[in-house]
Amino acid sequence: MIINSENANRLAIYFFYDKRGIVDRYVPYFLDDLKKNVSEIFIVCNGKLTPDGKEQLEKYGHVLVRENKGFDVWAYKTALESYGWEKLKTYDEVIMLNNTIMGPVYSFSETFEKMDGQDLDFWGLTEYFKIKGDPFGYSPYGYLPDHIQSHWIACRRSLVSSSDFQEYWENMPMIEDYAQAVGKHESIFTKRFADKGYRWAVSVECEDLRSYSGYPLMMCPKKLIAERRCPIFKKRSFFHMEDDFLKNTAGEQTSELFDYLRYETDYDVDLIWDTILRNYHQYDIVKNLNLAYILPTNQFNEETFKTQVSEHKIALVMHLFFEDLLEESYHYVSAMPPEADIYLTTDTEAKKAAIEKVFSKLPCRKLEVRVIQNRGRDVSSLLVGVKDVIMDYDIVCFAHDKKTAQVKPGTIGASFAYKCFENVLSNKAYVANVINTFINNPRLGILSPPEPNHSTFFTTIGFEWGPNYNVTKKLAKELGLTVPMNVMSPPVAPLGTMFWFRPAAMKPLYDRNWEYEDFPEEPNKIDGTLLHAIERIYPFIAQQSGYYPAIGMTDKFAAIEYNNLRYYVRGYNQVLVNSGIGPYYDQMVALMNQVFALRGSFKAVIKFRMKCYLKKYLPQKMYKKMRKRWKKMKGIENLNGIEVKGED
């Protein structure tokens with residue numbers, strides 16, 4: 001069936017879901033363009049809508065709010081039933097689409113113009129290519145066939161008016177979870193109707209990418225937008241699973257997409273920030289967008305910087321407790337530009353006098369040394385000691401002299417302090433580049449050094465919360481935070497409490513109006529306190545305010561960090577692969593989890609280790625015979641199906 005574009009009668013069924021019923025700005029932007037290209041929009045919402053959200057959506061058509069069940073599949077089914085088959089036959093085209101896609105980057109008029117002249121029964125925007133096997137366990141074919149992705153399926157009258165189409169929807173089983181949504185609808189819809197003789201196509205043709213990626217829209221979205229004028233991109237790109245990305249890419253796909261949208265198109269990337277910061281874990285956002293800024297320490301644009309510091313108010317707040325570290329502290333504070341205001345806090349008048357003597361030669365616009373109560377340490381310095389002035393500034397650096405309580409004094413603690421200071425106040429060039437980064441990235445809220453991972457701190461990566469999750473979650477509730485916080489997703493926090501930030505991003509924290517009495521008295525614990533909760537809640541405050549957290553490093557320290565992490569990973573790989581475990585990271589982790597799940601049975605672990613050893617050294621025939629026996633052993637059956645090196 002070919003459609004006459006000039007008088008086409010199209011119905012768009014738009015599925016919407018948001019757990020809090022909020023309609024973010026990307027939705028009306030999307031619907032504004034869609035409305036120009038269709039005759040009618042019917043919006044189905046699962047769950048709830050805020051009054052403002054409903055008002056927003058009703059500008060585009062009738063809005064039906066239904067119980068949150070059946071995913072998008074049953075939302076479409078409900079919409080189709082509400083129209084009835086006779087009414088649906090009057091439309092040239094019925095489009096089922098949902099709010100998992102964002103855009104348009106190019107007007108949908110391009111897409112309709114391209115597809116209207118093709119003799120088709122149904123079509124979509126993008127295709128997911130065939131994969132072997134049935135990961136969801138619902139496919140009648142035993143594999144996932146080539147299929148149109150269900151975020152946009154346009155069905156023409158030739159299909160909609162058929163008994164095949166009607167029976168498909170009338171017999172649609174209830175969809176209980178995501179796996180069923182894919183396995184019982186999305187992955188089989190295309191083949192089911194293609195096998196009956198109905199013709200289909202996609203507007204973004206990617207057949208030549210079949211061997212490049214099975215999921216081009218997720219794994220190479222920039223290529224589709226830049227080279228094939230794909231009008232949409234997936235919201236999931238910004239919070240998708242790392243494992244899946246790193247099986248298919250080097251991790252560049254989402255930041256490449258974002259940069260292309262930001263610099264090469266008219267699409268407003270603030271629409272992306274609005275929805276992802278409100279809804280998704282900051283760790284996933286930071287990883288997928290590669291929000292780590294590696295900044296030079298040996299160059300910066302002096303003319304640009306002069307303009308920036310004249311137009312923006314910059315400050316440093318630093319808490320000084322140890323008199324023997326004053327000279328070292330001066331060295332780092334002197335990295336601030338002379339146009340900045342400097343606030344130094346301490347706990348006694350005697351220390352204040354010593355500080356004023358050391359810092360008297362510091363070039364700055366303003367120097368003020370404040371004596372504060374010795375309760376709350378550096379945290380109260382920032383939240384109480386300077387709360388009367390902090391909101392006067394555009395960009396602030398916070399630091400404090402540092403001796404690490406978790407380890408004995410020496411190189412271990414000194415190196416932790418070095419890591420913090422070097423990646424906050426390395427030198428004048430680095431500070432200039434940090435300020436430039438904030439100004440050029442207006443949604444950047446907090447920039448923190450990377451977490452410590454040397455010596456005693458090695459397991460910080462993987463255990464960033466430490467014993468501090470519950471106390472942080474409690475504080476988040478008290479502050480009314482609604483952004484996601486999960487014990488399995490680490491905070492992108494300044495572990496060491498030195499960081500750069502935008503005071504506007506911290507407003508919800510300062511609205512709490514802290515007092516010294518809110519903080520525990522000395523002596524304080526080395527972990528699990530309110531101070532450690534605040535240390536971890538900073539990035540969530542920024543996220544709640546609509547800003548993102550990021551990691552900042554000097555070019556010099558990035559080299560150190562890369563080589564350290566490479567050394568750690570290399571050591572693990574050598575042990576695991578030589579033990580027959582691998583080659584993929586996620587397989588290694590899954591298998592080791594299986595092994596250690598059996599740690600209560602020492603014999604089972606020993607037998608598994610023998611299995612890996614014998615696999616390497618026994619003749620294949622003998623090994624297979626022994627493997628059959630192992631499968632019968634109690635406990636070992638849990639390892640069946642897990643890849644061991646050399647096996648299928």
What do the steps show when you test Y469 against E464 for side-chain hydrogen bond (donor to acceptor under 3.5 Å, both in side chains), and what is the final call?
-> CA-CA 9 Å; Y469 177 75; E464 295 85 352; over 6 Å; no

Lys NZ or Arg CZ of K402 over F416 ring: under 6.0 Å, within 45° = yes

May I ask you to decide whether R375 forms a salt bridge with D347, counting only side-chain N to carboxylate O separations under 4.0 Å?
-> no

Show the numbers, then the answer: is there a side-chain hydrogen bond (donor to acceptor under 3.5 Å, both in side chains) between S489 and N486?
-> CA-CA 5 Å; S489 296; N486 189 298; 4.8 Å; no

Got a salt bridge between D511 and K507, using NZ or NE/NH1/NH2 to carboxylate O under 4.0 Å?
-> yes

Is the distance between the ring centroids of F398 and W500 less than 6.0 Å?
-> no

For the pair D394 and K313, find out whether any cationic side-chain nitrogen is under 4.0 Å from an anionic carboxylate oxygen.
-> no

Check whether NZ of the Lys or CZ of the Arg K222 lies under 6.0 Å from the centre of the six-membered ring of Y260 and within 45 degrees of that ring's axis.
-> no

Determine, for E368 against R370, whether the closest basic-nitrogen to carboxylate-oxygen distance falls under 4.0 angstrom.
-> yes

T100 side chain to N98 side chain, donor-acceptor N/O pair below 3.5 angstrom | yes

Tell me, yes or no, whether the heavy-atom count around Y572 atom OH, taken from other residues, nucleotides or ligands under 6.0 Å, exceeds 12.
-> no

Evaluate the side-chain proximity of S237 to N288: yes if any heavy-atom separation is below 4.5 Å, no if none is.
-> no

How far apart are the C-alpha atoms of D274 and R443, what are their side-chain angles, what is the distance that settles it, and do they pass the side-chain contact (heavy atoms from CB on, under 4.5 Å) test?
-> CA-CA 10 Å; D274 285 347; R443 298 298 282 261; 3.0 Å; yes

Check side-chain contact (heavy atoms from CB on, under 4.5 Å) between P467 and all other residues, then give those that pass, not counting sequence neighbours.
-> D527

Taking the six-membered ring for Trp, are F501 and Y547 ring centroids under 6.0 Å apart?
-> no

Do D401 and E328 come close enough that some side-chain heavy atom pair is under 4.5 Å?
-> no

Parallel, tilted or perpendicular, as decided by the 30° and 60° cut-offs, for the rings of F245 and H240 = perpendicular

Heavy-atom donor-acceptor pair, N433 side chain to P296 backbone, under 3.5 Å | yes

Return yes when atom CD of E55 has more than 12 non-hydrogen atoms of other residues, nucleotides or ligands closer than 6.0 Å, and no otherwise.
-> no

CD1/I537 to CE/M485 distance, rounded to the nearest 0.5 angstrom?
-> 5.0 Å

Measure up the H454 and F457 rings against each other and bin them: parallel (under 30°), tilted (30 to 60°), perpendicular (over 60°).
-> tilted

Any side-chain heavy atom of K428 sitting closer than 4.5 Å to one from V431?
-> no

Can you check side-chain contact (heavy atoms from CB on, under 4.5 Å) on Q373 and V384, steps first, answer last?
-> CA-CA 10 Å; Q373 292 186 31; V384 183; over 6 Å; no

Taking the six-membered ring of Y330 as reference, does the NZ or CZ atom of K361 fall below 6.0 Å from its centre and within a 45° cone about the axis?
-> yes

Neighbour count >12 (heavy atoms, 6.0 Å) for atom CZ, F458 | yes

Nearest heavy-atom contact between S381 and V317 is OG-CG1, 4.1 Å

Contact summary for E252 and T249, nearest pair of heavy atoms | OE1-CB, 3.7 Å

Whether Y418 and F557 hold their rings parallel, tilted or perpendicular, with breakpoints at 30° and 60° = tilted

When rounded to the nearest 0.5 angstrom, what distance separates NZ in K351 from OG1 in T346?
-> 5.0 Å

Looking at CG of N468 and CD1 of I534, how far apart are the two atoms once the value is rounded to the nearest 0.5 Å?
-> 11.5 Å

Parallel, tilted or perpendicular for F305 and F300, by the 30°/60° rule?
-> perpendicular

May I ask you to check whether Y343 and K366 show a side-chain donor-acceptor distance below 3.5 Å?
-> yes

I285 and Q543: which non-hydrogen atoms are nearest, and at how many Å?
-> CD1-NE2, 4.4 Å

Shortest non-hydrogen contact from I314 toward I435 = CG2-CD1, 3.9 Å

Donor on one side chain, acceptor on other, E535 and T497, under 3.5 Å | yes

Are N436 and Q308 close enough that a side-chain donor and a side-chain acceptor fall under 3.5 Å?
-> yes

Are more than 12 heavy atoms from other residues, nucleotides or ligands located less than 6.0 Å from atom CD of E522?
-> yes

Evaluate the criterion side-chain contact (heavy atoms from CB on, under 4.5 Å) for residue pair K59 and Q56; output intermediate values, then yes/no.
-> CA-CA 6 Å; K59 295 176 183 178; Q56 286 287 323; 3.6 Å; yes

Step through the shown structure and confirm whether more than 12 heavy atoms of other residues, nucleotides or ligands are within 6.0 Å of CZ on F463.
-> no

Is K306 salt-bridged to E302, cutoff N-O under 4.0 Å?
-> no

Intermediate values then yes/no, salt bridge (Lys or Arg N to Asp or Glu O under 4.0 Å), K473 and E478 | CA-CA 9 Å; K473 188 75 173 177; E478 292 173 0; over 6 Å; no

Is the NZ atom of K477 crowded by more than 12 outside heavy atoms at less than 6.0 Å?
-> no

For K387 and L382, indicate whether the former's side chain and the latter's backbone hold a donor-acceptor pair under 3.5 Å.
-> no

Nearest heavy-atom pair of P539 and P494: which atoms, and what distance?
-> CD-CD, 4.3 Å

Please round to the nearest 0.5 Å and tell me the distance separating atom NE2 of H319 and atom CD1 of I372.
-> 5.0 Å

Kindly check if the number of other-residue, nucleotide or ligand heavy atoms within 6.0 Å of NZ (K54) is above 12?
-> no

Between F238 and Y280, does a ring-ring contact (aromatic ring centres under 6.0 Å, His included) hold up when you go through it step by step?
-> CA-CA 9 Å; F238 303 96; Y280 305 109; 9.3 Å; no

Whether Y548 and W273 hold their rings parallel, tilted or perpendicular, with breakpoints at 30° and 60° | parallel

Given the options L444, I446, V396, F438 meets side chain to side chain contact (heavy atoms under 4.5 Å, CB included) only with L444

If you measure only the distance, is there a donor-acceptor pair under 3.5 Å linking the side chains of S310 and E339?
-> no

Kindly compute the distance separating NE2 (H532) from CG (L495), expressed to the nearest 0.5 Å.
-> 10.0 Å

Residue pair L320 / H400, side-chain heavy-atom distance below 4.5 Å = no

Check whether any side-chain heavy atom of T50 lies under 4.5 Å from a side-chain heavy atom of I22, and answer yes or no.
-> yes

What are the two closest heavy atoms between T297 and A429, and how far apart are they?
-> O-CB, 3.4 Å

Decide salt bridge (Lys or Arg N to Asp or Glu O under 4.0 Å) for R278 and D18; before the verdict, give the C-alpha distance in whole Å, the side-chain angles of both, and the deciding distance to 0.1 Å.
-> CA-CA 11 Å; R278 184 176 65 80; D18 180 85; 2.6 Å; yes

